Each structure stands twice: as C-alpha cells, then as structure tokens.
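Source: prediction; values computed, not measured. Residue numbering restarts at 1 for every chain, and letters A, B, ... go by the order of the sequence lines.
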Number of protein chains: 2
Amino acid sequence: MYTLLNYRKSTQSFPQSFALGGSDQKKMAVNFKIHYLYILEYINMAHAVTIKDIAKELGVSPSTVSRALKDHPDISPATKQQVRDLVNKLKYKPNAIALSLRSQKTNVISVIVPQIVHHFFSSVISGIEEVAQTNGYNVMIFQSNEKYERELAITQEIESNRAEGVLVSLSKTTKNFQHFRELAEKDFPMVFFDRVCEEIESDKVVVDDFMGAMNATEYLIRTGCRRIAHLAAPQHLLIGYHRKRGYISALEKNGIEVDDTLIVKCDTIEEAYEVVPGLMALEQPPDAILAVNELTAAGAVNALKKLNYKVPAQVSVVGFTDGLVSTVTDPPLTTVSQHGFQIGEKAAAMLLERIRHPDSGKKPSTEVIKTELVVRGTTRPLG
Amino acid sequence: MYTLLNYRKSTQSFPQSFALGGSDQKKMAVNFKIHYLYILEYINMAHAVTIKDIAKELGVSPSTVSRALKDHPDISPATKQQVRDLVNKLKYKPNAIALSLRSQKTNVISVIVPQIVHHFFSSVISGIEEVAQTNGYNVMIFQSNEKYERELAITQEIESNRAEGVLVSLSKTTKNFQHFRELAEKDFPMVFFDRVCEEIESDKVVVDDFMGAMNATEYLIRTGCRRIAHLAAPQHLLIGYHRKRGYISALEKNGIEVDDTLIVKCDTIEEAYEVVPGLMALEQPPDAILAVNELTAAGAVNALKKLNYKVPAQVSVVGFTDGLVSTVTDPPLTTVSQHGFQIGEKAAAMLLERIRHPDSGKKPSTEVIKTELVVRGTTRPLG
DNA sequence: AAAATTATCGGAAAAGGTTTCGGAGATCAA
DNA sequence: TTGATCTCCGAAACCTTTTCCGATAATTTT
C-alpha cells in the first residue's frame with residue numbers, strides 16, 4: 001500500500017520529465033495510460049479520498065475546498081459548484097478522525113454492559129442507541145462478561161478512544177471501583193444504570209427495585225398468599241439488596257413474619273431447578289415465589305409443575321425483568337417490568353446533558369424509573 | 001474551556017516577563033500562585049494529559065517521551081524510569097484519535113443489525129465482540145431498525161468514521177443495494193451474515209437454512225407426522241426462501257404431497273395466535289408445525305394448547321432460532337439451533353482476515369454454518 | 001486618478017502522537 | 001589531535017480538517 005502511494009507521486013511528475021522519440025512514442029504512451037490507470041485504481045482501495053485530492057484535482061487549495069463545502073461566502077459560486085460536483089463524483093466522505101482531532105469532539109459515547117445477550121441489557125442499549133443517534137452520536141459497545149479485569153481494561157480503552165462519555169452497568173465481580181473513581185475525579189461524563197455504584201457520586205438511573213419488589217409482594221398477599229419465598233440475587237449488588245428490602249417491607253407492613261428459610265440466593269434457571277424442590281419439601285412450604293429475574297421465575301414455574309403443583313392455584317410466581325420469556329411460558333409469567341428501553345433513553349439523555357454542559361455545576365442526580373407489575377397467568381386473580 | 005487554555009499560555013510566560021518593585025512584590029506573588037493553581041486545576045478537567053504535558057514537565061521533548069514509552073534503545077534507563085513514573089502519576093492515556101490519524105488505522109469494526117433486541121442478533125454481536133476484542137479491535141454497533149433509509153445513513157457514517165470493516169445483516173425493507181455495492185467496489189472489507197445480499201460479491205456467513213429446515217421436517221416425518229404445516233417468513237428474504245425450500249424438499253423426498261394451504265406467511269407471535277386456529281380448522285388439520293422462528297413456534301404451542309390439542313401427542317412443533325425462549329416453554333421447544341455466537345465469531349474472523357490481507361486476491365467466499373436440531377419436548381420420540 | 005472596498009483564494013498553524021533524520025556531546029583508539 | 005563510535009535526544013514531517021490572517025486582483029467610491 002505504502003509503496004504504491006509513493007509510486008503515484010513519482011508517476012505524476014512523468015508528463016513533464018518524460019520524452020520519447022521516433023516510432024516508439026505511440027506505443028509507450030499507450031502502455032503508460034494503462035499503467036497509470038491501474039495505479040490510480042489501486043490507490044483508491046488503500047487511500048480514501050480526502051479534501052486534498054479534491055483540491056489537487058481542481059487546482060485549488062484544501063482550504064478553498066473546505067470552505068466551499070461549508071458554503072462559506074468567500075468562495076465563488078462557480079468554485080463551489082466545481083467542488084460539489086467532484087465531491088459527488090469521487091464520493092468524498094469527510095474524515096471523522098481528522099475532525100475529531102481538530103475539534104476535540106469524537107461524537108462517540110461508550111456503553112459497558114455485563115452481557116449483551118440479555119433482553120434487559122439489549123433493550124437498554126436499544127434505548128441508548130436511539131437517543132444517541134438522534135443527537136448525532138455513535139455508540140461503542142463493550143461487554144465486561146461480568147469480569148472485573150475486563151471492565152478495568154475497557155475503561156482504559158474508553159479513555160484512550162476519547163469517548164465523550166460513558167454509560168455503565170457494573171459487572172458482578174467488581175468490588176474495587178478505583179477505575180470509575182478516576183473518571184469521576186476528572187469529571188468525565190458518566191452515568192450508571194441498573195447496577196450502579198453507590199460509592200461514587202455520579203448520575204445514575206435505577207429501577208425502583210424496592211417499590212417493584214414491595215408492590216409485587218403486596219399483590220401476592222392481596223391474592224391470599226401468606227408464605228412467600230424469595231429467590232434473591234447476591235446482596236452486594238444493589239438491585240439484589242433493594243429487592244429483598246422491598247420484599248421484607250411488604251411482609252412487615254402486612255404483619256407477616258419474615259422467615260429466613262424462605263429467602264434463598266438463587267438467580268439462574270439452573271439454581272431454580274435445584275432450589276425449588278428443597279423449598280417445597282419444607283414442613284411449611286411456600287404458597288408463592290418472588291424471583292429476582294425472569295428466567296429464574298420461569299425455572300421455578302417449570303420446577304413446580306414437575307412436582308405436580310398447580311400454578312397459580314397452589315403456588316403463585318412473580319418474576320422481575322419483563323422480557324420475551326415472560327410472554328411465552330405456560331402460564332405466562334406475572335412480572336415486574338423494568339422498562340429497559342426507557343432506562344436507556346433516560347441514561348443517554350442525562351449523559352448528553354453532562355457532555356453539553358460540563359460546567360453546569362449541577363449535582364449528580366439519581367433518576368428512578370418506576371416499575372410496573374404486569375399481571376399475567378402465574379398469579380391468582382385479586383379478591 | 002477554550003479561553004482558559006489560551007489564558008494558560010499567556011500565564012506561563014509570566015515568570016520571565018513580569019517584574020514588580022517595592023512592597024507590592026510579595027503580595028502579587030501570592031495572588032499569582034493561587035491564580036495559577038486554579039487554572040491548572042481547571043485545565044485538568046477539560047484537557048486530557050498528552051505526551052507533550054509529560055515532556056514539558058520533565059524538560060525533555062515529546063519524541064523522547066514517546067520512545068521511552070516504546071522502550072526504544074536510544075533512551076537511557078534513567079529517563080525511561082522518569083517517564084514511566086510521571087505517566088503513572090498523571091495517568092496518561094495515549095490519544096487513539098491521534099494514533100488513528102497518523103497510522104491510518106482505527107482499530108474499529110462496525111456492525112449493522114436490524115435490531116439488537118433479538119436473541120439471535122445479540123448472540124452474533126457477542127461472538128463478534130469476542131473475536132474483535134482478542135484481536136485488539138473495538139466494535140461500533142448500529143441498528144437499522146429494519147429501515148432502508150437508516151441503513152443508508154449508517155453506511156455513510158461508517159465510511160466517515162473510517163471503520164476498517166463492516167459486518168452487515170440486511171434490513172427487511174432494503175431492496176436497493178447501491179450503498180453496499182459502493183463499498184464493495186472500493187474493496188472495503190465487508191462480511192454479510194444471516195440476512196445476506198445475493199447480488200453483491202462479498203464474504204458471507206449464512207446459516208444452512210435449507211438443511212436446517214429439511215432435517216427438521218424429516219425428523220417430523222420420521223416421528224410419524226404426515227401433514228406438516230409451515231409458518232414461513234417473507235419470501236424476499238433469503239432465509240425465508242431457503243427454509244421453505246428445505247421444508248418442501250423433505251416432503252418431496254419422502255413422497256408427501258406439498259399442500260399449499262399448509263404454508264402460511266407467519267413470523268410473529270401475534271400472527272401465530274391468529275393463523276394457527278385457522279390451520280386447525282381445516283378439513284384435514286396438520287399434525288405438525290414447522291415455524292420460522294422461536295417466538296412463532298412458542299405462539300403456535302400456546303395456541304394449540306388453548307384449542308385443547310396435546311403437544312406433541314396430537315401436534316408436534318419445531319421452531320428455528322434456539323434462544324432462551326425455547327428452554328422455558330412448556331413443553332420446551334424442539335428447535336433448529338443457529339449458533340448465533342459461532343456465526344459472529346466466524347464473520348468477525350473473516351472480516352479481520354480481509355482487513356489484514358487486503359491484497360490477498362482471494363475470491364469472496366460464503367461460509368455455511370451448520371444448524372443443529374435440538375430435540376426437546378414439542379416433538380414425539382423417534383420410532 | 002487615487003483610495004477604499006470587495007471578492008476570491010492561498011498559506012500556515014493547530015489538534016496529538018510516532019517516526020525518521022540528524023546533531024551534540026562523550027569516550028576511546030590511533 | 002584527529003577520527004570513529006556510541007549514547008542520548010531534539011526538530012520536523014506526517015496524517016486531515018478548519019480557521020485565522022493575509023494577499024491579490026477587480027471593482028467601486030471619492
């Protein structure tokens with residue numbers, strides 16, 4: 001590639017320095033043309049057309065081309081037209097890299113999620129992408145795969161890439177937040193969503209997990225359930241903590257004793273298959289299960305059916321995360337909807353606000369997105 | 001921000017040009033110090049630390065710092081250590097934008113998908129991200145939202161951003177392929193996956209939809225089904241076309257007449273709820289359904305159960321796309337697994353190959369990823 | 001006719017990092 | 001003392017675009 005570009009330069013000066021006499025002249029000229037064309041074609045592949053190419057071709061300076069494209073009044077209408085024509089012909093596309101270096105703006109925001117392959121996270125990303133797109137920003141996606149080391153490397157990468165801001169949902173294994181603290185200290189625009197970091201003062205968008213769990217639990221109580229089990233997420237994750245707190249609050253508010261044997265750490269479908277039979281084998285088995293996510297809830301339903309329990313007649317089930325799964329189970333799951341798309345929209349909007357007004361002096365705020373209990377078939381009808 | 005940076009320059013030359021006499025001197029010096037510190041602090045926020053800052057602080061040139069960081073033999077160990085120490089202290093991160101402009105390499109590949117919020121596509125993205133990451137590339141995601149106009153704009157954006165390659169799955173509404181043809185003519189590294197473009201010579205990764213559908217249909221036949229319905233995708237999409245062809249081939253191979261009333265365009269869960277009752281009301285209702293995706297299959301199962309058909313005793317169901325949904329339905333769905341992650345891996349690997357060897361002269365190839373019939377509960381056991 | 005204005009364009013600098021070329025100084029042998 | 005060699009480092013080029021500051025010629029005003 002490089003040699004060919006050099007070659008081009010020397011080839012361009014040929015017309016002046018080259019001369020042939022006699023009968024060979026015509027033949028050589030023909031060879032030349034073919035050769036030259038071939039090289040030009042080759043260059044097109046390696047080297048995207050720049051403003052300089054346009055300028056050289058038109059015999060004007062790069063600055064003139066730039067101004068012509070910006071419709072600057074200093075440029076004559078004739079020149080503008082020439083530039084526009086050649087730009088269309090050569091399909092010139094402005095070099096965003098050069099623009100970024102010049103303007104110190106990349107128009108990129110980055111997103112760190114644990115896994116894309118989760119309906120909730122892909123919904124959030126979808127919401128982010130939507131808002132970013134309409135505001136002229138591009139989105140760079142990074143997966144931590146729930147690994148702290150990966151998350152650390154990603155933050156370095158994001159700084160290197162000079163993204164203008166970052167949206168983060170924490171990995172499960174992250175217990176040291178120094179990498180994010182450094183960003184925060186530099187006033188790097190940053191918004192946490194869903195799995196947020198409590199120790200860092202920053203904008204956050206969270207699901208109202210407490211109210212979500214409380215409402216769901218109260219709904220179960222109102223449908224007559226009294227021994228409600230909770231399949232909980234790890235408690236070092238805020239969402240796990242808040243959901244459990246909401247669950248307990250609902251019980252206490254309604255004068256139901258909290259029974260620790262009914263609260264089990266269980267947040268995957270496999271764990272559900274293991275844990276649920278144990279719960280049902282208790283002396284006083286539960287008559288309802290509040291699961292911390294959709295898959296776990298679906299697993300619980302299936303496990304119950306395998307144990308010949310009727311859902312919801314004998315045992316009700318409620319899950320978090322309203323995704324595709326909830327609609328297709330039998331019976332369809334009653335779930336706490338988290339409005340992933342909306343979370344993404346909100347988080348992106350907050351980030352853009354920070355990017356646009358870095359000196360606003362506004363205190364970091366935490367936006368709480370209301371949950372919604374979507375009642376389907378795994379809970380009994382009210383009264 | 002800008003004014004402050006300018007201000008800094010003028011402030012820096014103060015020590016030489018500034019002189020005060022008499023009693024004012026001390027007071028002014030104090031004021032100055034405070035002023036200066038304040039500005040420096042301010043700059044830290046706006047301006048990321050560059051190689052120049054390190055150089056200035058150490059009293060060496062930027063090139064020395066660069067070489068020290070690259071462990072160049074020309075730099076003394078003492079200088080190297082000094083540089084490393086200050087780099088860690090000031091948390092210098094190389095400016096990827098400047099590097100890209102200089103090296104003409106962005107280390108970015110772009111992905112265009114119709115929607116992220118589809119298990120299949122997010123799996124593919126996950127596979128792409130994995131391969132890209134281990135090869136030092138970052139991934140930029142774009143959603144066409146099944147809109148041609150969006151897809152067109154995205155290709156422009158990708159060219160502007162100087163991504164080194166692009167992975168594409170076509171939008172449903174795209175019928176003009178000029179934007180991709182332009183890229184292909186420039187030899188811009190490009191790999192289509194899943195929803196590929198037949199008219200363009202380019203690397204492709206496709207699911208073996210024909211064999212997938214044929215194998216699934218044959219499996220149904222071997223379990224004793226004879227009237228097999230097909231819920232099909234639109235036929236202008238290759239996947240829809242191939243799956244239907246595979247389905248028909250299996251029937252013909254086994255001497256079963258193709259009945260057009262059993263082939264219905266239906267590729268969403270809502271349509272399944274509408275279409276299935278109609279099929280079952282036929283004079284000769286089907287004893288099996290081959291659905292074009294997972295959700296449609298799940299919808300068919302639910303619709304059948306509502307009509308009091310036993311699945312799979314009376315009607316078998318097979319779906320495409322092996323996602324989360326398949327595992328949680330009751331009974332769990334027998335599906336044709338498409339190995340989304342693997343498709344992503346393969347497509348990304350092919351793209352990187354093209355990026356690394358642009359002049360290999362290798363003809364575009366089409367990689368076919370085998371499907372796999374994952375037998376679960378919605379089909380009867382084999383003989 | 002001289003002066004001022006306008007129209008149109010070019011040159012250079014700047015953004016940040018890498019690389020190449022070469023220069024300055026020290027050391028050592030002839 | 002001269003020349004050669006080695007160590008260490010600086011200056012400048014390069015990538016692309018935009019903007020500021022001139023520069024030239026043509027036109028208008030006085």
Side-chain atoms of residues 82-91 of chain B: list all donor-acceptor pairs with protein atoms under 3.5 Å, sequence neighbours left out, distances to 0.1 Å.
residue	atom	partner	partner atom	Å
B:R84	NH2	B:Q81	OE1	3.2
B:D85	OD1	B:Q81	NE2	3.1
B:N88	ND2	B:R84	O	3.3

To the nearest Å, give me how far apart [atom1] ([X]) and [atom2] ([N]) are.
X	N	atom1	atom2	value
A:D74	D:dA23	CG	P	16 Å
B:Q81	D:dC8	CD	P	15 Å
B:H72	C:dT19	NE2	P	9 Å
A:L101	C:dA14	CG	P	13 Å
A:L58	C:dT8	CG	C1'	15 Å
A:I51	C:dG10	CD1	P	12 Å
B:K70	C:dG17	NZ	C1'	8 Å
B:K80	D:dT7	NZ	P	12 Å

Short side-chain N/O contact from [X] to OP1 or OP2 of [N], under 4.0 Å:
X	N	result
B:Q104	D:dT16	yes
A:Y92	D:dT16	no
B:T50	C:dG16	no
A:S66	D:dT18	yes

- Query: Below 3.5 Å, does any donor atom in the side chain of B:R102 face an acceptor in the base of C:dT18, or the other way round?
  - Reply: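 Counting by modelled atom types and ignoring angles, a donor-acceptor contact under 3.5 Å is found here.
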What does [X] touch in the nucleic acid at a heavy-atom separation under 4.0 angstrom: a base, only the sugar-phosphate, or nothing?
X	result
B:N95	sugar-phosphate
A:V60	sugar-phosphate
A:K52	base
B:L99	sugar-phosphate
B:T79	sugar-phosphate
A:S76	sugar-phosphate

- Task: Please say which of A:Q178, A:E185, A:H179 ends up in a side-chain hydrogen bond (donor to acceptor under 3.5 Å, both in side chains) with A:R181.
- Result: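 For A:R181, the side-chain hydrogen bond (donor to acceptor under 3.5 Å, both in side chains) check succeeds only for A:Q178.
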- Task: Would you check, one step at a time, whether the test side-chain contact (heavy atoms from CB on, under 4.5 Å) holds for B:R354 with B:K362?
- Result: CA-CA 9 Å; B:R354 284 280 170 203; B:K362 240 194 301 183; 4.1 Å; yes
- Task: Any chance you could lay out the side-chain hydrogen bond (donor to acceptor under 3.5 Å, both in side chains) test for A:S61 and A:T64, step after step, and finish with the verdict?
- Result: CA-CA 5 Å; A:S61 76; A:T64 301; 3.1 Å; yes
- Item | Closest listed nucleotide, where the reference is the side chain of A:T64 and the choices are C:dT18, D:dT16, C:dG10 |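 Comparing C:dT18, D:dT16, C:dG10 against the side chain of A:T64, the answer is C:dG10.
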- Query: Considering heavy-atom distances to DNA chain D, does B:P77 or B:A98 have its closest nucleotide positioned more toward the 5' end?
  - Reply: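 Its nearest nucleotide being more 5', the pick is B:P77.
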- For A:R356 and A:N135, does a side-chain donor sit closer than 3.5 Å to a side-chain acceptor?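 A pair is found: one side chain offers a donor N or O, the other an acceptor, under 3.5 Å apart.
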- Distance only, no hydrogens: is a donor on one side chain within 3.5 Å (strictly under) of an acceptor on the other, for A:T79 and A:S76?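 Looking only at side-chain atoms, A:S76 and A:T79 do form a donor-acceptor pair, the distance falling under 3.5 Å.
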- Taking for each residue the nucleotide of DNA chain C with the nearest heavy atom, is it B:R67 or B:P94 whose nucleotide lies nearer the 5' end?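 This one resolves to B:P94.
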